[in-house]
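Report on one structure; see the data block that follows.
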Amino acid sequence: MEIQRPRGTRDFLPGEMAKRRYIESRLREAAKRWGYGEIKTPTFEHIELFTLKSGEGILGEIYNFKDKGDREIALRPELTAPVVRMYVEELQRSPKPLKFYYFDNCFRYERPQKGRFREFFQFGVEIIGSSRPESDAEVIALAVEMLKSAGVRGDLHVGHLGIVRTLLKDIQPEHQNKIMRLVDKKDDKGLEQFLDEINAPFEMRGRLFRLIGLHGVNALQEARELTGDIEAMSQFEALLDLLDVYGLEYQVDLGIARGLDYYTGMVFEIYCEGLGAQNQVCGGGSYRLAQLFGGEDTPSTGYAIGFDRVMEICQAVPEMEKRIVVVSFEDTRKEAIVIAKKLREHVLTYIDVMGRKFKDQISYANTIGASHVVIVGKNELDAGKVALKDMKTGEQELLAVEEVAERLSE
RNA sequence: GCCUGGGUGGGGUAGCUGGUCAUCCUAUGGGACUGUGGAUCCUACGACUCGGGUUCGAAUCCCGACCCGGGCCCCA
């Protein structure tokens, strides 16, 4: 084997593709029914789009190159930034809210492991123009719905960055970010150490630790006691209230930080078993990126589903399409081609292209799991008919081509 | 970038305490079978991931690279 596919990439064979397309269509259907329109952005963008959003630090994980015009180009490592760029570039004046979905490949230069590849696929949704809990709730509900339609069950964790941020408001922004990162990692020791380092007020530290440790039915109430009457808390309460209306099961988790600095309010993640260390199949939240890309400040909410991870664990299986094989003899090959062409208007039809003998053609039909075989022989043609053989029962009857077509398109 | 386990025909394997044509199963192509399918038989095809080193001799031992699995970092 001389040339292999690059590391972290995959080939998808017909069997696998059938399954992927099936799951993809389930996700698409869900997004469409909820009123989201499909969009597509370029495979590559100016690299600033991603460094602006995520910092220079991500350069190490980006596939980038200089094009012949000396422009720094990056293969998209994710799709939220391109969508917002698209919005700022051509949709700022359109009626709100804007609801988009997308399904595309992304590229990251990372060490591959279970559920992680260098070329991977994200199915995402963004709603632009609303900062209300209604849109946050809708987005979360849609995420759950999509996974459900793909046959995946997961644990939904919901948090709100505004709450922890409010608690940290007297701390310098850089320190805040560092703290959020440690919180997200659930690295309590590291967090304590860092708070020591920056001499964080003792009283605040206690509240922070209690806040991020909250869970269970009383979490919300205790959170309110810890934070007092703040805007973020009210928003969060309204959101959870709506999630109940949607009938969702969730866990309050104020320790979610999503690793990034641009999320502003609600954040959520969905975890699944059976994926090893990469157990997050979906993540998202509300954010404000439009301004960063030169547009007006616009609230948005969205998420991305790790499509490859869904494929890894999903239960849904497409049913195999019915297929038939037209078999013929040396002296009826041409007639058979014409008949196959007609039958293809109604059913998935194969015809021999290997110059095989009659018997081997039937054997092949058996190998590929054909439900029927249409026999085109001299005897049949003389009668103006063909023979339709049921591969399950072995029975066979003489029919006109039209009758066969009718029978098989059921 | 780091740690860890592993790479033998298309798939699955034996050999791996160095030494006959590298084993077996399966898949695939052709044939036995000139108008009827999962069987059988024959035949063809096809592998030691790559590069160095040790040795008279390496699939086997050593080193490196590449790739795969799992984990760490990261996870937009």
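Chain identifiers are assigned alphabetically (A, B, ...) following the order of the sequence lines, protein sequences preceding nucleic acid strands; residue numbering begins at 1 within each chain. Keep in mind that the numbers below use all heavy atoms, side chains included, and drop hydrogens, waters and symmetry copies. Everything numeric here is computed off the predicted structure, so don't read it as measured data.
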note: A:Asp360, atom CG; B:G30, atom P; distance rounded to Å ~ 7 Å

Item to complete: Using only side-chain N and O atoms of A:Arg181, determine if any of them is under 4.0 Å from OP1 or OP2 of B:C75.
Response: yes

When rounded to whole Å, the CZ to P distance for the pair A:Phe268 and B:A76 reads 12 Å

Looking at every strand, decide which applies to A:Lys114 at a 4.0 Å heavy-atom threshold: base, sugar-phosphate, or nothing. sugar-phosphate

Rounded P spacing from B:G71 to B:U26 in Å: 36 Å

Quiz item: Are A:Tyr271 and A:His157 an aromatic pair by the rule of ring centers under 6.0 Å?
Solution: yes

**Report entry** Distance between C1' atoms of B:C67 and B:C56 (Å, rounded)
**Finding:** 34 Å

* To do: Over 60° means perpendicular and under 30° means parallel, so classify the ring planes of A:Phe103 and A:Phe123, tilted if in between.
  => tilted

Exercise for the section: Looking at every strand, decide which applies to A:Gly8 at a 4.0 Å heavy-atom threshold: base, sugar-phosphate, or nothing. Expected result: sugar-phosphate

Practice problem: Find out whether the Lys NZ or Arg CZ of A:Arg165 is both under 6.0 angstrom from the six-membered ring centre of A:Tyr263 and within 45° of the ring's axis. | Solution: no

A:Tyr109 OH to B:G1 P, in whole Å, measures 6 Å

In A:Lys53, A:Arg85, A:Arg108, the residue satisfying salt bridge (Lys or Arg N to Asp or Glu O under 4.0 Å) with A:Glu78 is A:Lys53

Partner of B:G10 under the Watson-Crick or G-U wobble criteria, both distances under 3.5 Å, comes out as B:U26

Whole-Å distance, A:Lys389 NZ to B:G35 P, equals 14 Å

Heavy-atom check, side chain of A:Gln361 versus side chain of A:Ser328, under 4.5 Å: yes

Q: Using the C1' atom on both, measure B:U60 against B:G53 and round to a whole Å.
A: 15 Å

Review point. Regarding A:Thr80 and A:Glu126, is there a side-chain donor-to-acceptor distance under 3.5 Å anywhere?
Key: yes

Exercise. Mind checking the P distance from B:G29 to B:C68? Whole angstroms is fine.
Worked result: 30 Å

Re B:G5: Watson-Crick or G-U wobble partner, both distances kept under 3.5 Å, found to be B:C68

task = Examine the side chains of A:Tyr109 and A:Asn64 and answer whether a donor and an acceptor come within less than 3.5 Å of each other.
result = no

Rounded to whole Å, the CD-C1' distance (A:Glu61 to B:A76) equals 10 Å

Closest to the side chain of A:Ala277, out of B:G71, B:U36, B:C67, is B:G71

A:Arg111 CZ to B:C68 P, in whole Å, measures 9 Å

On RNA chain B, more 5' by nearest nucleotide between A:Leu275 and A:Pro6 is A:Pro6

Next on the checklist: So for A:Arg116 and B:C75, does any side-chain atom that can act as donor or acceptor lie under 3.5 Å from a complementary atom in the base?
Outcome noted: yes

Whole-Å distance, A:Gln113 CD to B:G70 C1', equals 8 Å

Between B:G9 and B:U28, how many Å separate the two C1' atoms, rounded to a whole number? 12 Å

In whole angstroms, the gap separating C1' of B:C72 from NZ of A:Lys185 amounts to 11 Å

Checking side-chain polar atoms at under 3.5 Å, does A:Asn279 have a donor or acceptor matched by the opposite partner on A:Arg309?
no

### Task
For A:Gly283, report the nucleic acid contact type (base, sugar-phosphate, nothing); a contact means any heavy atom under 4.0 Å.
nothing

Using a cut-off of less than 4.0 Å, is there contact between a side-chain N or O of A:Lys357 and OP1 or OP2 of B:G35?
no

Note: contacts of residues 369-387 of chain A with RNA chain B (heavy atom, under 4.0 Å) are A:Ile375, A:Gly377, A:Lys378, A:Asn379, A:Glu380

Under 4.0 Å, heavy atoms only, any strand: does A:Arg76 hit a base, just the sugar-phosphate, or nothing?
nothing

For B:U36, does the base pair up with any side-chain atom of A:Gln396 as donor and acceptor (N or O, under 3.5 Å, distance only)? yes

Picking from B:C33, B:C75, B:A76, the nucleotide nearest the side-chain atoms of A:Gln278 would be B:C75

Note: A:Asp184 and A:Ala257 closest approach over all heavy atoms is OD1-N, 2.8 Å

| message | Please report the distance separating the C1' of B:G5 from the corresponding atom of B:G51, rounded so that it comes out in whole Å. | response | 23 Å

Using the C1' atom as the reference point in each nucleotide, state the distance between B:G12 and B:C21 in Å, no decimals.
24 Å

Using the P atom on both, measure B:A65 against B:C3 and round to a whole Å.
11 Å

